[in-house]
Q: 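Got a structure for you, questions after.
A note on names: the letters A, B, ... follow the listed sequences, proteins ahead of strands, and every chain is numbered from 1.
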Amino acid sequence: MELSKNYLPAATEEKWYQHWLHQKYFNSSIDDRPAYTVVIPPPNVTGVLHMGHTLNETVQDILVRKARVSGFNACWVPGSDHASIATESKVVQMLKEKGIDKSTLSREAFLEYAFEWKEKYGGIIYHQIAKLGCSVDWDRTTFTMDDHYYKAVIKVFVDLYNKGLIYRGARMINWDPAAKTALSDEEVEYKELQGKLYHLRYQLANDIEPLSGQYITIATQRPETIMGDTAICVNPSDERYAHLKGLFAIVPLINKKVPLIFDEYVDPTFGTGALKVTPAHDINDYNLGLKHQLEVVDTLNADGTLSAAAQIYVGEDRFAARKKIIIELNEKGYLLKEEEYTTRLGYSQRSGAVVEPRISTQWFVKMKEMAEPALKAVVDGDVKIHPGDKFLATYKYWLENVKDWCISRQLWWGQQIPAWYAPDGSLVVAETREEAFDQFKMQNVQCSIEEVIQDEDVLDTWFSSWLWPMEVFKGISNPEDNKEIEYYYPTSVLVTGQDIIFFWVARMIMAGMHYNHQKPFSDVYFTGMVRDKQGRKMSKSLGNSPDLLDLIDKYGADAVRFGIMISSPAGNDLLFDEASLEQGRNFNNKLWNALKLVKMWQGRTSTGIANESGNTSQINPNETSQFAIQWFQNRLNKARTDLESLYSQFRLSEGLKNIYSLIWDDFCSWYLEWVKPGFEQPIDNAVYEKTVFFFEELMQILHPFMPFITEEIYHLLAEQKDDLCVKQFTSIPAADSGIIEEGELLKQVITALRDARIKNQVKPKDVIQLHIQTQQPEVYKPIENILAKQVNANAIFYTNETIANTIVVAVEKDKFYIESELQIDTAALKAELLKDLEHQQNFREAVNKKLNNERFVLNAKPEVVDFERKKLSDAEARIKVLTESLSNF
RNA sequence: GGGAGCAUAGCUCAGUUGGUUUAGAGCAUCUGCCUUACAAGCAGAGGGUCCGCGGUUCGAACCCGUGUGCUCCCACCA
């Protein structure tokens, strides 16, 4: 079969993915093996995979594929998240483009559109996950709004309510005036910008009348909220204002009289030291209001326009009203000055609107008692975080200072809150309308079942995702006699971004500890954030986030996986650069070309010693290959052992680097060159088979990282009865470090001789004779042929004395003389040797200094001292060799 | 304001409880090669005050202190 010049990924990837699916390799069902379970962090159903997902999915696939071939029953559950706010705002946008206003639709009609949208776009992410080669069990695909999942969420709400862990309350929350919904603290993003601080004067009054000519000046960024003022506050220790006790201030424009209050909260050094208190529109003012029992006047509507309570500019948008109010305040002499001021404003992560602090009735989860077991699980090491030291402190701090979780959202897309209201306003919480009605009856509330009204709001998306590791196995909706949850839970490892440690990771641990009395996963692997080359966060608005499918088209999925993994140690941010994908593609070609070489040998094998290389030849060429084979076998064993250890530490990029270098350098550059027969010469059959075997083993260890090309090459190398995808790793024989060291020596000699050839202008084609002066010729005998071939020598001799008119090279304790027809540049050669000698002498000095230090010899471990002595004697031997060589000049 | 982390070659990073031949890799750079697997390649090479200062130690890239610079998280002062 003719192999293409370069590796062509597209068709290969499609072919193998279909084959794996067809063989049901990714499907998991309960059996006797231990389970290795991973649940995918469900991406937003309407989203596309960005580079962050690509990294996450690749990491998970590597771990899952590795587990699958290491005796585990690997189960990777895919799925997606309904992402209430993000999806709803996309659907609203889509409807708007069609000329449909959401407010004209019934809830049912809107949800129909939303599900249609989900069907249409929800498949995109699954397609991308498949393209990347992810070995997920597609039969287990779960969506957070699936029937059983929906029921589970409702069930948990009712259960927590009955346990007193969910309550309804009026609270200051973050309000998104564009999406008209409450946001959790985590959904608010703060941005710094240049604002203005307006100094306004309020006339003072006693309880009867205004005090003419007496004012107090406050500073505010939000003059449009003055109509909501219900007090002016100063610090009790502030002497400037001490005399104002018992007085009132008159709010400009609306002439409302509000009391002056005193509280430590006010910073006398900020602004004027006097603060207007607007409990309805500022979280701190709200708290002050609670403390001093102030009236709450909400001057804004849900959409951010001024409400009737504002009295003026009613119905105008808050920002438009601000401009007009500033003008009016100025005209009427209330505005004393404007000051430039840098402030931080909260923006909705979803809609981008400026968030408005607002009082409203919302549902909350009490976090304190749920947090305790979740904290303990991590602190005790039951759940291990990687990299640990980096995130443990953050996790602890958040859980120790956790605040109640606002879980209601004023949306339609999501699980509707199972709270029911009777016409008289009484409230019950129940899974169904019928149950709610029964409860009302028991409470003697008079109503018909049709009159029962369900809460309009839906639940926060995270209130469904926190059940993910359990409910994908129906552990919540069907907890009794559920073999699946017993077998697959707790899951093995969770791979996710560090940015959702609170949103999701902590809450999953809480839910898991609460409902299963078990951790949801044993290990958490945090990937870093993917940034662009300049270190900027990848984002749509910057346009610096490449399209995954384009990248796969351009480089192939294996190259994308390689590129994203090669430079992403756990928890560290990763600067994404297409150059690393190029490196991945080049690596594919390297593998492909090695395959072409080995395939050339197929059918050109011979047995025994027929291989007549002709040059040096007291040595059996087969014996030479024996060295190469033994060396590589041990090198491979060593690498595999190292790799296992890296896997157990989740140091995957390190592992990939090791395999890359093992294949490119040790296998291709050294081993294949060593066993390569001469031009049009046959290769020994045993050597050929061993080479194929090594190649297969290399493909096997690389397979979790680059599944497609490895499976392809594995099958092209030989007729195979199995597939790499499920071929089990064998146990690793111990590596013989002696032969590995011998190989290192050989490499070192070859490199030194090649270097000497180049420095002395010996052309690659010029043939040389090599003379070796050594105490241990037996070391070189078995590798003579390799050495000769690699340095283009046609003969190797052993000598006990200096050879004149040659290039001298010293390696370790041995000397090598390169004899060629060329004129030797003795001056350059001498300089080279002198440089080496100086280096060695300096080195000897350093070691000597150490050994002459009595305290070192006394205190250091004996093996360290011994090692220093060996270093010294080695250095001295080399100095002797160099000095001898130099004496010939 | 509170907390965490990082600083090693031009760039991105390894360096596993302080000693392992006076610091390693990939990419980039330079030199020479179209050598019958591979120019998306081969063979070589150069390149570092391990951020500054101080300390602990026989010995520090590694431990401690301190300064500087960067990053992230939390809290959100009108």
Side-chain angles (χ1 to χ4, degrees), chain A residues 3 5-7 185 188 190 197 218-222 233 265-267 269-272 274-278 282-285 341 343-346 389-394 397-398 401 498-499 501-502 529 533 535 566-569 571-575 577 579-580 582-583 585-601 645 649 651 653-654 657-658 660-661 668-669 672-673 676 679-680 750-751 754-755 757-759 761 763-765 790 792 839-840 842-847 850 853-861 863-865 867-868 870-872 874-875 878:
Chain A
L3 294 174
K5 182 174 185 297
N6 285 332
Y7 172 63
D185 292 345
V188 178
Y190 290 89
L197 206 52
I218 59 92
T220 180
Q221 291 182 70
R222 305 199 54 192
C233 187
Y265 166 74
V266 178
D267 175 4
T269 63
F270 188 91
T272 63
L275 167 74
K276 76 186 198 62
V277 185
T278 322
D282 183 282
I283 180 69
N284 301 296
D285 292 14
Y341 180 64
T343 186
R344 285 164 63 83
L345 267 189
D389 37 345
K390 211 165 172 177
F391 298 108
L392 189 62
T394 323
Y397 182 85
W398 189 76
N401 298 282
Q498 52 192 263
D499 48 332
I501 183 166
F502 308 132
M529 198 181 293
K533 241 198 295 196
I566 196 69
S567 54
S568 68
N572 274 9
D573 284 0
L574 149 85
L575 300 191
D577 186 346
S580 65
E582 218 169 290
Q583 195 189 344
R585 184 198 54 190
N586 296 351
F587 185 38
N588 278 337
N589 275 327
K590 188 69 187 179
L591 296 171
W592 192 249
N593 280 300
L595 171 73
K596 286 201 296 193
L597 176 67
V598 174
K599 292 306 280 182
M600 270 176 48
W601 298 344
S645 143
Q649 298 167 69
R651 295 172 62 186
S653 71
E654 203 64 19
K657 271 180 203 168
N658 284 4
Y660 176 79
S661 149
C668 293
S669 297
L672 288 179
E673 294 298 334
K676 192 190 221 172
F679 184 54
E680 296 199 329
I750 292 168
T751 302
R754 282 170 172 171
D755 185 31
R757 285 181 59 121
I758 287 177
K759 289 213 169 91
Q761 275 93 41
K763 294 264 178 291
K765 279 180 182 159
Q790 294 268 278
N792 198 16
H839 179 266
Q840 291 300 329
N842 286 341
F843 180 68
R844 180 177 62 181
E845 283 312 296
V847 178
K850 238 183 197 182
N853 182 339
E854 273 174 41
R855 291 202 288 178
F856 167 72
V857 181
L858 222 62
N859 292 318
K861 279 181 270 180
E863 59 265 33
V864 173
V865 179
F867 189 70
E868 291 301 318
K870 179 173 184 304
K871 272 156 77 171
L872 182 65
D874 285 356
R878 282 192 51 89

Q: Tell me which nucleotide, if any, is Watson-Crick or G-U wobble paired with B:C11 when both distances must be under 3.5 Å.
A: B:G26
Q: Does any N or O donor sit under 3.5 Å from an N or O acceptor when you compare the side chain of A:Lys871 with the base of B:U20?
A: no
Q: Say we look at B:C30 and B:G47: how far apart would their C1' atoms be, to the nearest angstrom?
A: 10 Å
Q: Rounding to a whole Å, what distance do you find between A:Asp285:CG and B:C76:C1'?
A: 13 Å
Q: Work out how far the P atom of B:A45 is from that of B:G55, and round it to whole angstrom.
A: 40 Å
Q: At 4.0 Å (heavy atoms only), tell me whether A:Leu275 reaches a base, stays on the sugar-phosphate, or touches nothing.
A: base
Q: Calculate the interatomic distance between A:Leu597 atom CG and B:C42 atom C1'; express it in whole Å.
A: 14 Å
Q: On the nucleotide B:C38, are OP1 or OP2 found under 4.0 Å from the side-chain N or O atoms that A:Asn6 carries?
A: no
Q: Is a donor-acceptor contact shorter than 3.5 angstrom present between the side chain of A:Lys596 and the base of B:C38?
A: no
Q: Between A:Pro764 and A:Asp874, name the one whose nearest nucleotide on RNA chain B is closer to the 5' end.
A: A:Asp874
Q: Answer with yes or no whether A:Arg585 presents, from its side chain, a donor or acceptor under 3.5 Å of a partner atom in the base of B:A40.
A: yes
Q: Can you tell me which nucleotide in B:A45, B:A78, B:U22 comes closest to the side chain of A:Asn842?
A: B:U22
Q: Using a 4.0 Å heavy-atom cut-off, does A:Ala860 contact any base of the nucleic acid, only the sugar-phosphate backbone, or nothing at all?
A: base
Q: In Å and rounded to the nearest 0.5 Å, what is the CG to OG distance from A:Asn586 to A:Ser580?
A: 11.0 Å
Q: Taking donor-acceptor contacts at under 3.5 Å, does the side chain of A:Glu673 reach the base of B:A43?
A: no
Q: What is the separation between atom CG on A:Leu591 and atom P on B:G41, rounded to the nearest whole Å?
A: 12 Å
Q: Do A:Ser669 and A:Glu673 have a side chain donor and acceptor closer than 3.5 Å?
A: no
Q: Is the A:Trp592 ring parallel, tilted or perpendicular to the A:Tyr7 ring (thresholds 30°, 60°)?
A: tilted
Q: Rounding to the closest angstrom, what is the interatomic distance between B:C34 and B:U71 at atom C1'?
A: 47 Å
Q: Does the base of B:A37 carry an N or O that pairs as donor and acceptor with the side chain of A:Asn593 under 3.5 Å?
A: no
Q: Tell me what A:Asn853 touches on the nucleic acid: a base, only sugar-phosphate, or nothing, going by heavy atoms under 4.0 Å.
A: sugar-phosphate
Q: Scan every strand shown for a Watson-Crick or G-U wobble partner of B:U36, both distances under 3.5 Å, and answer none if you come up empty.
A: none
Q: Taking pairing as Watson-Crick or G-U wobble with both contacts under 3.5 Å, can you name the mate of B:G46, or confirm there isn't one?
A: none
Q: So, OP1 or OP2 of B:C42: does either fall under 4.0 Å of a side-chain N or O from A:Lys590?
A: yes
Q: Can you tell me how far the NZ atom of A:Lys850 sits from the CZ atom of A:Arg855, to the nearest 0.5 Å?
A: 15.0 Å
Q: Side-chain N or O of A:Ser645 versus OP1/OP2 of B:U16: is the shortest distance under 4.0 Å?
A: no
Q: When you measure from the side chain of A:Ala846, which nucleotide among B:U22, B:G41, B:C58 comes out closest?
A: B:U22
Q: Counting Watson-Crick and G-U wobble pairs only, both distances under 3.5 Å, name the nucleotide matched with B:C76, or none.
A: none
Q: Do A:Phe856 and A:Val864 come close enough that some side-chain heavy atom pair is under 4.5 Å?
A: yes
Q: Output yes when A:Lys759 and A:Asp755 qualify as a salt bridge under the 4.0 Å nitrogen-oxygen rule, no when they do not.
A: yes
Q: Less than 4.5 Å apart, side chain to side chain, heavy atoms only: is that true for A:Leu595 and A:Lys599?
A: yes
Q: P atom, B:C64 versus B:U21: distance in rounded Å?
A: 26 Å
Q: What nucleic acid atoms does A:Lys599 come within less than 4.0 Å of, heavy atoms only: base, sugar-phosphate, or nothing?
A: nothing
Q: Please classify the nucleic acid contact of A:Ser580 as base, sugar-phosphate, or nothing, using heavy-atom distances under 4.0 Å.
A: nothing
Q: Base, sugar-phosphate, or nothing: which does A:Cys668 touch, judged by heavy atoms less than 4.0 Å apart?
A: base
Q: Tell me the interatomic distance from A:Ile501, atom CD1, to B:C72, atom C1', rounded to whole angstroms.
A: 12 Å
Q: Atom OH of A:Tyr397 and atom P of B:C72: how far apart are they, to the nearest Å?
A: 19 Å
Q: Taking only the side-chain nitrogens and oxygens of A:Lys759, find out if one of them lies under 4.0 Å from OP1 or OP2 of B:G44.
A: no
Q: Using a heavy-atom cut-off of under 4.0 Å over every strand shown, decide if A:Thr272 touches base, sugar-phosphate, or nothing.
A: nothing
Q: Using a heavy-atom cut-off of 4.0 Å across all strands, would you classify A:Asn859 as base, sugar-phosphate, or nothing?
A: base
Q: Whether A:Arg651 contacts B:C13 is assessed here as follows: a side-chain N or O lying under 4.0 Å from the phosphate OP1 or OP2. Is that the case?
A: no
Q: Quick one: label A:Tyr7 by what it contacts on the DNA or RNA (base, sugar-phosphate, nothing), any heavy atom closer than 4.0 Å.
A: nothing
Q: May I ask you to verify if any side-chain N or O of A:Gln583 is less than 4.0 angstrom from the OP1 or OP2 atom of B:G26?
A: no
Q: Of A:Lys657 and A:Asn284, whose closest RNA chain B nucleotide lies nearer the 5' terminus?
A: A:Lys657
Q: Distance check needed: B:G3 P versus A:Trp398 CH2, whole Å only.
A: 21 Å
Q: With a 3.5 angstrom cut-off on both distances, give the Watson-Crick or G-U wobble partner of B:U21, or none if there isn't one.
A: none
Q: Within the structure shown, what part of the strands sits under 4.0 Å from A:Val598 by heavy-atom distance: base, sugar-phosphate, or nothing?
A: nothing
Q: Would you mind pulling out the nucleotide paired to B:C6, Watson-Crick or G-U wobble, both distances under 3.5 Å?
A: B:G69
Q: What nucleic acid atoms does A:Lys763 come within less than 4.0 Å of, heavy atoms only: base, sugar-phosphate, or nothing?
A: nothing
Q: From C-beta outward on A:Phe856, which listed nucleotide comes closest to its side chain: B:A45, B:A78, B:G19?
A: B:G19
Q: Ignoring backbone atoms, test whether A:Tyr660 places a side-chain nitrogen or oxygen under 4.0 Å from the OP1 or OP2 oxygen of B:A25.
A: no
Q: Expressed as a whole number of Å, how far does the C1' atom of B:G54 sit from that of B:G48?
A: 23 Å
Q: Do A:Tyr265 and A:Leu275 make a side-chain contact, defined as non-hydrogen atoms from C-beta onward lying under 4.5 Å apart?
A: yes
Q: Looking at A:Ala579, is its backbone amide N or carbonyl O close enough to the side chain of A:Gln583 to form a donor-acceptor pair, meaning the two atoms are under 3.5 Å apart?
A: no
Q: Calculate the interatomic distance between A:Lys676 atom NZ and B:U36 atom P; express it in whole Å.
A: 9 Å
Q: Using OP1 and OP2 only, check whether a side-chain N or O of A:Ser661 sits under 4.0 Å from B:A25.
A: no
Q: Would you say A:Glu863 has more than 12 foreign heavy atoms packed within less than 6.0 Å of its CD?
A: yes
Q: For B:U56, which nucleotide in any strand shown is its Watson-Crick or wobble partner with both distances under 3.5 Å?
A: none
